[in-house]
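Notes follow once the structure below has been shown.
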Amino acid sequence: TKRKHSHTATQTHTPLLSRHRIIMRLFVASALLTLHFAPKARAQTTCDGVSGPFTLSDITGQCTYDLLLEEYTSQVFDAMGSTCAENKLSAKEDFDAKLVGAISDATTGEEAGDILCKAMYDNAVQVPFTNAADKGTDLNFEQMFYNGRGEWQEEVETLYEESDFSATSILREDAEQVRSFYDGVAQGYRVDWPGALPNFKSSVNDADNLATCTTNAAMCCWPKDRQANDNNGNCAKAYDENCVDKDPADNTNLCYVDVERGNSSTGEDGKGFIAFPGDNNDGEGSIHCHGLAWSNDVNDRTARYKANNLFFVSMYDHMYQRGYVKNIPGAPMCGCVEQMPTVSRSDCTQVDLTETITITYDADNKAFDSKLTSVHIEFNACQGIDNRNNDLWAYIARLYYQDDITREQFGEAGRIITNTNCDQANLHQLNKNSLTPGYDHDTDEWTRVAGRDSMHLTDPYGHRAFTRSLVPSTGDPDNTHYGIIYRACQSCVATHMKIFYRRKKPVPDELNLQYQVLYSGSKHTNNVWNVDFSIHSTYEDALNNVNPWECPGNNFDYRYTFYGRCSPDGTGVNNQHSRFHVAGERNDVAYFVNKPEDDGLQIEPTNIIKGREYASGMALKDPTDGTIYMTGAGREIGWVRDDFNYLSEEVDGDHTAIVHVGSISVPQPHAWSKSGIIFRSGLESNAAYYGLFLTGSNGVCFQGR
């Protein structure tokens, strides 16, 4: 939503809002009296350019040499009677001569124009940032505020502090100065950047050698709403019952807090990081982030009025108007982006303005004076790349593509505002700290049979090994099951992190249960909910056949592999499935069966021959009868680059091998899938070989090279 707030003010007439500002205004007015303004007069006619004093008035836009030359040409040089018909100088030559003659530090008109503009901006009225809260000039209140502390942050309106039960800690009353500053100053005068606060300075300074942020961006993130009836957040009346630890409007996913980033602002000596793998109620709760960014050009409007923008975003728009307060633990509430938590996105405000400039030239003394005569500031939703508005990452990207910031600044900001979800950011932070997501299962009770992403330790068991690993019940004949499958999902919502599948009927030979669990999105006649299986929240419930999950409308949706959109209470829950060949579904998932690992199938080492970098697979041996269960993937056995899984044995001389290939099961069938016996001269992908294979649908074949 685009918000527009605007105000016009002259630089010498200011609403007197407090004792501090009265003193400041009188000082500024007296400073302006020292400036010399030549009276506006009609230029004398000459053939050597324009002579005499002149004034360029009502100039709008950012002050640049090109703008001043354009105004000089139209307002003075081309004015009737300014020069004769045989004038020897162009407008540029005439204007440049005057500029260089007046400004000794310049050798060209362009240099002189830039110096004139910069002097105007540097000498313009600048209001101390402390005037916004009017809590003293030492910035102690502001330091507390931007760290999420202090009375505006920690108090909530209540009826219990006065004997007559009158309301106290009313934000709109306690922070009324913020509204006054917004109405009287923030929209018409430049505010000083609070660079003395550690929240808003870094190891680098700007071109004026003043404090700034490394990323040229600042951001606030709020976890709490303390104000009712403002159409933002869920704080409501009565305050003492309905506004205790309430939430702002959620607009981001909090990935993690790198505690060391914020130490300079929080004053702590924290280490490590706090990860939030879920979102909303399954992760950090509701978080609202909003920020701003600016150009490296200190004369650009985004840089000159960045403090106005900071005030608007942090104090007026979000605290005073919406009641958003507090900080995320381990981080400041607001700070340079490089100090803030890593998040998926942030809203954004930009400053748009109209400035009126007046330039005067004193011909007798060959002197220029420049001043801002009025400023009109609007605070609007940022306009980012690709029509992405109100998006801080997209706005920073726009600044980068406009050459307003560097690639390094954009890159650092983009590592904190991810512009995607949190998966890759969290994984990067874990790797940086030599950690990885995972799950420590009880090997005395469970055997891992499949895993993906961080839980991928080996390739999944094949179809028959998967079924062979299930352990039927042997106890109560009235409570019989035929194996329990346990799914652990690190990235799922809390209710779906652990799911237990209880097999009610034996697994028939024609059912590829592994495919149904890992890959399928459709119903199989031998894998029907409440007929062939039930699902539960705990192993004990699955063993005892109690508290089975329910499904919306009593309908198991097989498109949602393994859990069917079901839940403990029957509420439909989306997007908790994880087909192993689909990248966009739940990651960090593993499956286990109810058999101790030492009692189950044992892994046999294989040689993965990667002629085309696709090969994978594993081999498992049944210790009870010596049966080998193999899986394999690859591009080809044949031509010149073999790509397959090979359970090998090195021999010398003549050798006889007898292998019974009982069957081949192919989740993704191919006519020339192969399983069988092969003799090779070596393990190179192009080694000589001779093999006998059972194929996917072409029967038995011989093949050699």
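Reckoned from all heavy atoms, side chains included, excluding hydrogens, waters and symmetry mates. Nothing fancy with the numbering, it's 1 onward along the sequence.
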Subject >> Steps toward side-chain hydrogen bond (donor to acceptor under 3.5 Å, both in side chains) verdict (Asn140, Glu142) >> reply: CA-CA 5 Å; Asn140 286 338; Glu142 287 75 14; over 6 Å; no
Subject >> Closest non-hydrogen atom pair, Ala307 against Pro194 >> reply: CB-CD, 4.4 Å
Original post:
Does the side-chain hydrogen bond (donor to acceptor under 3.5 Å, both in side chains) test come out yes or no for Asn263 and Gln339, once each step is laid out?
Top reply: CA-CA 8 Å; Asn263 281 346; Gln339 297 186 29; over 6 Å; no
Original post:
Are Phe181 and Phe311 close enough that their ring centers fall under 6.0 Å?
Top reply: yes
Original post:
So, Glu151 and Lys135, do they make that salt bridge, N to O below 4.0 Å?
Top reply: yes
**OP:** Ignoring hydrogens and angles, state whether a donor on the side chain of Asn199 or Gln143 is under 3.5 Å from an acceptor on the partner side chain.
**Re:** yes
Subject >> Trace of the ring pair (Phe, Tyr, Trp, His ring centres under 6.0 Å) decision for Tyr305 with Trp294 >> reply: CA-CA 9 Å; Tyr305 292 97; Trp294 56 91; over 10 Å; no
**OP:** Assess Lys326 against Trp222: is NZ or CZ under 6.0 Å from the centre of the six-membered ring, and within 45 degrees of the ring's axis?
**Re:** no
Original post:
Can you tell if the side chain of Asp391 reaches within under 4.5 Å of the side chain of Cys348, non-hydrogen atoms only?
Top reply: no
**OP:** State, yes or no, whether a side-chain contact exists between Cys334 and Phe200 at a heavy-atom distance under 4.5 Å.
**Re:** yes
Original post:
Is the shortest heavy-atom distance from the side chain of Cys117 to the side chain of Leu68 under 4.5 Å?
Top reply: yes
**OP:** Test side-chain hydrogen bond (donor to acceptor under 3.5 Å, both in side chains) on Gln227 and Asp230 and set out the steps.
**Re:** CA-CA 7 Å; Gln227 181 168 267; Asp230 57 17; 3.1 Å; yes
Original post:
Do the side chains of Cys492 and Gln490 get nearer than 4.5 Å, heavy atoms only?
Top reply: no
Original post:
Any luck finding a side-chain donor-acceptor pair between Asp588 and Ser491 under 3.5 Å?
Top reply: no
Original post:
Is it true that a side-chain atom of Arg301 and a backbone atom of Leu353 form a donor plus acceptor pair closer than 3.5 Å?
Top reply: no
Original post:
Is it true that Trp193 and Phe129 have ring centroids separated by less than 6.0 Å?
Top reply: no
**OP:** Give a yes or no on whether a salt bridge exists between Asp192 and Arg190, defined as a side-chain N under 4.0 angstrom from a carboxylate O.
**Re:** no
Subject >> For the student: nearest non-hydrogen atoms of Ala228 and Lys237, plus distance >> reply: CB-N, 3.7 Å
Original post:
Would you call Met219 and Ile417 a side-chain contact if the rule is heavy atoms closer than 4.5 Å?
Top reply: yes
Original post:
Between Glu176 and Arg179, does at least one N-O distance fall below 4.0 Å, as a salt bridge requires?
Top reply: yes
Original post:
Counting only N and O atoms by type, is there a donor-acceptor contact under 3.5 Å from the side chain of Arg398 to the main-chain atoms of Ile385?
Top reply: no
Original post:
Would a distance-only check, ignoring hydrogens and angles, find a side-chain to backbone donor-acceptor pair under 3.5 Å from Asn309 to Thr349?
Top reply: yes
**OP:** Would you check if Cys213 and Glu338 make a side-chain contact, meaning some heavy-atom pair closer than 4.5 Å?
**Re:** yes
Subject >> Rounded distance (nearest 0.5 Å) linking atom CG of Leu67 with atom CD of Gln62 >> reply: 9.5 Å
Original post:
So is Arg172 actually on top of Tyr320's ring, under 6.0 Å and inside 45° of the axis?
Top reply: yes
**OP:** Could you tell me how the ring of Tyr182 sits relative to the ring of Phe312: parallel (under 30°), tilted (30 to 60°) or perpendicular (over 60°)?
**Re:** tilted
Original post:
Minimum heavy-atom separation for Ala249 to His288, with atom names?
Top reply: O-ND1, 2.8 Å
**OP:** List the steps and the verdict of side chain to side chain contact (heavy atoms under 4.5 Å, CB included) for Met340 and Val257.
**Re:** CA-CA 8 Å; Met340 297 300 291; Val257 177; over 6 Å; no
Original post:
Is a donor on one side and an acceptor on the other found under 3.5 Å between the side chain of Arg226 and the backbone of Gly323?
Top reply: no
Original post:
Shorter than 2.5 angstrom, is that how the SG atoms of Cys289 and Cys220 come out?
Top reply: no
Original post:
Do Asn299 and Lys118 pass the side chain to side chain contact (heavy atoms under 4.5 Å, CB included) test, and can you show the C-alpha distance, the side-chain angles, and the key distance before you say yes or no?
Top reply: CA-CA 7 Å; Asn299 288 334; Lys118 183 163 181 18; 4.1 Å; yes
**OP:** Please tell me if the side chains of Leu99 and Glu111 come closer than 4.5 Å, counting only heavy atoms from C-beta onward.
**Re:** no
Subject >> Point-to-point distance, once rounded to the nearest 0.5 Å, from CD of Gln350 to CG of Asn380 >> reply: 6.5 Å
Subject >> Residue that, paired with Ser295, satisfies side-chain hydrogen bond (donor to acceptor under 3.5 Å, both in side chains) out of Asp300, Asp403, Asp404 >> reply: Asp404
**OP:** Would you name the heavy atoms of Ala186 and Ile377 that are closest together and state the gap between them?
**Re:** O-CD1, 3.4 Å
**OP:** Output the distance between atom OG1 (Thr168) and atom CD (Glu162), rounded to the nearest 0.5 Å.
**Re:** 6.0 Å
Subject >> Passing candidate, side-chain hydrogen bond (donor to acceptor under 3.5 Å, both in side chains) with Asn216, options Thr302, Asp206, Thr406, Asn296 >> reply: Asn296
**OP:** If the plane angle is over 60° it's perpendicular, under 30° parallel, otherwise tilted; pick one for Phe410 and Trp393.
**Re:** tilted
**OP:** Output, in order, the C-alpha distance, side-chain angles, deciding distance and verdict of side chain to side chain contact (heavy atoms under 4.5 Å, CB included) for Thr373 and Ile357.
**Re:** CA-CA 6 Å; Thr373 54; Ile357 302 167; over 6 Å; no
Subject >> Ser169 side chain vs Glu155 backbone, donor-acceptor pair below 3.5 Å >> reply: no
Subject >> Asp134 (side chain) donor-acceptor with Gln177 (main chain) under 3.5 angstrom >> reply: no
Original post:
Any side-chain heavy atom of Val178 sitting closer than 4.5 Å to one from Trp152?
Top reply: yes
**OP:** Locate the shortest heavy-atom distance separating Ser57 from Thr358; write the atom from each residue and the value.
**Re:** CA-OG1, 4.3 Å
Original post:
Do any N or O atoms from the side chain of Thr130 and from the backbone of Thr137 form a donor-acceptor pair under 3.5 angstrom?
Top reply: no
**OP:** For the pair Asn421 and Ser344, evaluate side-chain hydrogen bond (donor to acceptor under 3.5 Å, both in side chains) and give the outcome as yes or no after the intermediate values.
**Re:** CA-CA 5 Å; Asn421 56 33; Ser344 62; over 6 Å; no
Original post:
Just by distance, do the side chain of Asp240 and the backbone of Leu159 share a donor-acceptor pair under 3.5 Å?
Top reply: yes
Original post:
Would Glu154 and Arg149 pass as an ion pair if we require N to O under 4.0 Å?
Top reply: yes
**OP:** For Asp225 and Lys246, indicate whether the former's side chain and the latter's backbone hold a donor-acceptor pair under 3.5 Å.
**Re:** no
Original post:
When rounded to the nearest 0.5 angstrom, what is the spacing between SG in Cys63 and CG in Leu116?
Top reply: 6.0 Å
Original post:
Could you give the distance from OG (Ser286) to CG (Asp247), rounded to the nearest 0.5 Å?
Top reply: 4.0 Å
Original post:
Using a distance-only test with no angle check, is there a side-chain donor-acceptor pair under 3.5 angstrom linking Tyr146 and Ser265?
Top reply: no
Original post:
Tyr395 and Gln383: which non-hydrogen atoms are nearest, and at how many Å?
Top reply: CD1-O, 3.6 Å
Original post:
Should Arg322 and Asp317 count as an ion pair when the cut-off is N to O under 4.0 Å?
Top reply: yes
Subject >> Side-chain donor/acceptor of Thr212 to backbone N/O of Asn205, under 3.5 Å >> reply: no
